[in-house]
Amino acid sequence: YQRRVRGFLQHSQENKMGEQGGDDTISLPNATNPLTDTFGVLPLIKSTTKTERQWTKVKEIDSSLVGKTVWIRARLHLSRGKGKICFLLLRQQFSTVQAVVSSEGASAEFLKFAQSIPKESIIDIQAEIVKVEKPISSTTQKDFELATKKLFVVSLAESRLPLLVDDAARPPHVAEKEGLVEVDQSTRLDNRVIDLRTPANQAIFRIQSAVGKLFREFLLGKNFIEIHTPKLIPVASEGGCNVFEVTYFEGKAYMAQSPQLYKQMAINSDFPRVFEIGPVFRAENANTARHLTEFVSLDLEMAFNEHYHEVLDLICEMFVHIFDGLNREVAAEMKSVDTQFPFEPITYLRPTLRLTFAEGIKLLKEAGVEVGEFDDLSTVQEKQLGEIVKKKYNTDFFVLDKFPLAVRPFYTMPDPADPRYSNSYDIFLRGQEIVSGAQRVHDAALLEKRVKELKIDPAGLVHYISSFQHGSFPHAGCGVGLERLVMLFLGLNNIRRSSLFPRDPHRVTP
């Protein structure tokens, strides 16, 4: 007891120092015997003991638990003392519940301890589940609260946080309307670990995880196998100059822009259907809301029998599977994102709308947009086309097929009907490209011709080209940027919101 009193006296003194700009350290009483004590700071958990304690998740609290005593481990979102009572708001990811510490069931020291725990500390609480008479508006568990019996700190947060989760979770339109703090992007990313604790961010990355799961399960169900290709490669995989060059012992290598060459080599190794989920690297000094220098790519490659549209049909079917799955499996997470960053759900057709590049150019010109017949589309033109398509066909998701050959990589198959075009396609969501794909050249002589025409150094492509010299199945595929897909699906305004720890030309930390 004396140790506890001394701890509270020290804590009181340090609080005063903090108010004057002094030491931020907080000292709270230790739980000398966690089995018999009712409150305090637990010893550092070093996996020395095990108990039969059963833990309850906040989101699982329901009427069946009323009157029962449970253990919950959560973050302390905030605490509010009011006379002889203290209200604690506990948070597990995006689930919250209110706990009550009252002088009727707790000592004055217990009450003061509860009031003194810093926000974001991790606590263990033993409490009885109580049905409340009036719904609690500030929590996700609105009909139940916790009557606290025991309260321990597992991990103590510093008393001064670089940003508050409440501030980071505030919708921009609310901050603007009410004149409240809106955390800027740089502050968020500098303190990403705390920023990621907001309900919207918890939801975004669960949605991102679901995209990967749905992508994988669909392709496995279509007899694809998952492969893992090198990320250190001897030559720029896209044939361009926007690559990261690294010292490789006495020579040099490049960070892979895509797994493209190795997917095709896998096809030539008699793996007719392959996919990969992995990082790719682009040394593009593009400081935009939709570009990163490192991102996750969802790639697939597939042998076909007669026409590359066999592959394109499968890709469109895959996206419908992903969209349907997201709407079915992560509806609650989507609602959580919408609370902070309001968005309209995407519209998509069955079957997916498919236009040729020439038809897309015609739509743009009819709308008064100046665009060349064989020029690649700019970001602005993509968005303009997306708006036209949405208005005309009521879909946010569509395919643009038969791109000009001049704007595609060397391994793209020319269109047999018109060599100015190619057997290649992009797929768009909300007026922005999310997929780039094509039938690949599967003839060694034609590949060598294309490499020469584009003045690409063939030295680093020797093994790639030779893999086509011993028989190659016709094949096609695509690559999908995971972060961009999630950004556009959720209507986010910046790709950094859908990248866990984003990398761009000005950021390689944290």
Side-chain angles (χ1 to χ4, degrees), residues 211 215 219 229 236-243 256-264 267 274-284 286 288 290-302 304 308-309 311-316 318-319 322 352-358 360-361 374-379 381-383 385-386 389 396-415 421-441 450 454 475-489 495:
V211 171
F215 176 81
L219 294 176
T229 62
S237 50
E238 300 293 336
C241 59
N242 296 321
V243 292
Q257 290 172 292
S258 80
Q260 183 56 48
L261 308 188
Y262 294 96
K263 288 190 302 176
Q264 293 184 255
I267 296 288
V274 297
F275 74 92
E276 179 172 16
I277 301 176
V280 296
F281 306 87
R282 303 285 172 91
E284 298 174 347
T288 75
R290 69 176 200 158
H291 287 93
L292 296 170
T293 54
E294 178 185 349
F295 61 91
V296 176
S297 186
L298 311 177
D299 275 88
L300 68 88
E301 205 75 19
M302 169 182 156
F304 64 83
Y308 75 95
H309 281 179
V311 181
L312 186 54
D313 291 343
L314 178 137
I315 293 169
C316 292
M318 177 189 74
F319 273 104
I322 291 173
T352 300
L353 174 67
R354 195 176 299 179
L355 304 170
T356 65
F357 185 85
I361 294 297
F374 298 96
D375 295 337
D376 203 0
L377 297 179
S378 68
T379 300
Q381 291 166 344
E382 287 181 0
K383 291 179 179 179
L385 181 59
V389 169
D396 292 303
F397 178 71
F398 66 96
V399 176
L400 209 56
D401 193 14
K402 298 290 184 183
F403 268 70
L405 182 63
V407 302
R408 306 303 275 201
F410 71 91
Y411 45 75
T412 304
M413 181 67 75
D415 181 355
Y421 292 98
S422 63
N423 292 352
S424 65
Y425 41 85
D426 280 358
I427 301 180
F428 297 84
L429 182 62
R430 297 191 198 268
Q432 295 191 52
E433 173 215 326
I434 56 168
V435 172
S436 184
Q439 177 184 355
R440 324 301 187 180
V441 173
R450 292 283 295 145
L454 296 178
H475 58 279
C478 72
V480 186
L482 175 61
E483 291 87 346
R484 189 181 292 184
L485 172 58
V486 172
M487 174 187 76
L488 294 170
F489 180 80
I495 197 168

Any [X] side-chain heavy atom under 4.5 Å of [Y] side chain:
X    : Y    : answer
Q439 : L312 : no
L482 : F215 : no
D376 : P404 : no
I434 : F397 : yes
D299 : T229 : no
V311 : Y425 : yes
Q260 : E301 : yes
Y308 : D401 : yes

query: Should M318 and L300 be marked as a side chain to side chain contact (heavy atoms under 4.5 Å, CB included) after you check the CA-CA gap, both sets of side-chain angles, and the distance that decides it?
result: CA-CA 11 Å; M318 177 189 74; L300 68 88; 3.9 Å; yes
Chi angles and distances behind the side chain to side chain contact (heavy atoms under 4.5 Å, CB included) call for F319, L485: CA-CA 10 Å; F319 273 104; L485 172 58; 4.1 Å; yes
Has the side chain of [X] got a donor or acceptor atom that lies under 3.5 Å from a matching backbone atom of [Y]?
X    : Y    : result
R290 : I495 : no
R282 : L292 : no
Q257 : N242 : yes

Spatial distance of atom [atom1] ([X]) from atom [atom2] ([Y]) [nearest 0.5 Å]:
X    : Y    : atom1 : atom2 : answer
K402 : T356 : NZ    : OG1   : 9.5 Å
I315 : H309 : CD1   : NE2   : 10.5 Å
E433 : D426 : CD    : CG    : 4.5 Å
L429 : R484 : CG    : CZ    : 11.0 Å
E276 : L298 : CD    : CG    : 10.5 Å
Q432 : K383 : CD    : NZ    : 4.5 Å

task: Measure up the F403 and F357 rings against each other and bin them: parallel (under 30°), tilted (30 to 60°), perpendicular (over 60°).
output: tilted
Mind listing the closest non-hydrogen atom pair of [X] and [Y] along with its distance?
X    : Y    : answer
V441 : T412 : CG2-O, 3.4 Å
G479 : S297 : CA-OG, 4.4 Å
V280 : S258 : CG1-CA, 3.7 Å
C316 : R354 : SG-NH2, 4.1 Å
K263 : C478 : NZ-O, 3.2 Å
G360 : L400 : CA-CD1, 4.2 Å

- prompt: Going by atom types only, do R408 and S422 share a side-chain donor-acceptor pair under 3.5 Å?
  reply: no
- request: Verify side chain to side chain contact (heavy atoms under 4.5 Å, CB included) between I427 and T352, making sure each step is shown before the conclusion.
  value: CA-CA 10 Å; I427 301 180; T352 300; 5.8 Å; no
query: Would a line drawn from the ring center of Y421 to the ring center of F374 be shorter than 6.0 Å?
result: yes
Check against side chain to side chain contact (heavy atoms under 4.5 Å, CB included), D415 and L405: CA-CA 8 Å; D415 181 355; L405 182 63; over 6 Å; no
